[in-house]
Structures are given as C-alpha cells and as structure tokens.
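Note sheet for the following structure.
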Amino acid sequence: MRMLMGCLVLVFCGPLVADDKKDEKIDPAKLLGKWTTKERDFAVIEFLKGGKLVLRHGDGKEEVAFDGTYKLDGNKLTVNAQPGGKEEKSTVTIKKLTDSEMVVISDTGKDVVMNRVKGK
C-alpha cells in the first residue's frame, strides 16, 4: 500500500508553487486514458469519463488497483483517492497536454513527464 501512495505522491504531490502562466484551458478529452511515467512505468493512472480515475500498480505478477476521482479546472488537476481507506487529495498544474504526453508541475517546481499508455 505504501508503494501505491508513493506512486500517487510522485505524480500528484500536494499543493503547487505558483505558475507563471495564467490558468490555461486544457482539453478534457485529451486527459482521458491511461498514463504512466518513465520513472514509475509499473504504475498507471487511468482517467475515465465522469471524473473517475483508477490507479493501478503491479510487478507483472500481482496488481493492486484503487479508484478515485478527479476534477479539471482550467489547467489545475485535482485528484482525490482513498488507498487503504485514507483520503489523499492533491492538485497539480498541467503544463502541457498532447495526445501522447502530459507534463505536470510538482510541488518542488519540477516537471513530471507522463506518457500515454497505448493499446491494451
């Protein structure tokens, strides 16, 4: 369970520092689908219609998944999940979103690059 929390924190790590850009509109349709990071390719976040999400984590033999919700407001993405029954809520700023890549800004100001998972 701690590994799942680490994955969630890596991508959606709490309140953010201010961004130079004003709240840009992000196309919500481009957010839908499965995303992973190069650093955590064993963890996949799937954004579904209706503000639902699923976070999956696995080592190839065993997979753990939990549900959550998300809200997109301009370029601010707020994620709410309850792994292990404890509510975790965080907000990130989406810096870039294309059909294949999403870049979010972490609370340290570092860009976190996520890639769309194809197929499957």
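Given the structure is predicted, the values throughout are model-derived calculations rather than measurements. Computed over heavy atoms, backbone and side chain alike; hydrogens, waters and symmetry mates excluded.
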Side-chain contact test, heavy atoms from C-beta onward, threshold under 4.5 Å: evaluate it for [X] versus [Y] and give yes or no.
{"X": "Val112", "Y": "Thr37", "value": "yes"}
{"X": "Met102", "Y": "Ile94", "value": "yes"}
{"X": "Val79", "Y": "Leu53", "value": "yes"}

Please determine whether residues [X] and [Y] belong to a single hydrophobic cluster, defined as Ile, Leu, Val, Met, Phe, Trp and Tyr linked transitively by side-chain heavy-atom distances below 4.5 Å.
{"X": "Leu32", "Y": "Met114", "answer": "yes"}
{"X": "Phe66", "Y": "Leu48", "answer": "no"}
{"X": "Val117", "Y": "Val54", "answer": "no"}
{"X": "Ile45", "Y": "Val113", "answer": "no"}

(request) Applying salt bridge (charged side-chain N to carboxylate O under 4.0 Å, His left out), run through Asp111 and Lys95 and close with a yes or a no. (result) CA-CA 8 Å; Asp111 289 357; Lys95 183 176 178 180; 2.8 Å; yes

(message) With ring-ring contact (aromatic ring centres under 6.0 Å, His included) as the rule and sequence neighbours excluded, what pairs involving residues 67-96 come up?
(response)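 Sorted pair list: Phe47-Tyr70.
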
(message) I need the single residue from Glu87, Lys71, Lys89, Glu88 that forms a side chain to side chain donor-acceptor pair (under 3.5 Å) with Asn80. Which is it?
(response)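 The passing option is Glu87.
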
For [X] versus [Y], what's the shortest heavy-atom pair and its separation?
{"X": "Leu31", "Y": "Leu77", "result": "CD2-CD1, 3.9 Å"}
{"X": "Leu72", "Y": "Pro28", "result": "CD2-CA, 3.9 Å"}
{"X": "Ile105", "Y": "Val92", "result": "O-CB, 4.1 Å"}

(message) Assess, by modelled atom type and distance only, whether the side chains of Thr98 and Lys30 contain a donor and an acceptor separated by less than 3.5 Å.
(response)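 Side-chain D/A pair, Thr98 to Lys30: absent.
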
(message) Check this for me: does any side-chain nitrogen of one of Arg116 and Glu101 sit under 4.0 Å from a carboxylate oxygen of the other?
(response)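 No salt bridge links Arg116 with Glu101.
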
(request) Carefully, step by step, assess Thr93 and Lys76 under the rule side-chain hydrogen bond (donor to acceptor under 3.5 Å, both in side chains). (result) CA-CA 5 Å; Thr93 299; Lys76 304 291 185 208; 2.9 Å; yes

(message) Tell me every residue that passes salt bridge (Lys or Arg N to Asp or Glu O under 4.0 Å) with Asp99, counting only those two or more places apart in sequence or in another chain.
(response)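 In terms of salt bridge (Lys or Arg N to Asp or Glu O under 4.0 Å), with neighbours along the sequence ignored, Asp99 is linked to no residue.
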
(request) Measure the CZ-OG1 distance between Arg56 and Thr36 for me, rounded to the nearest 0.5 Å. (result) 12.0 Å

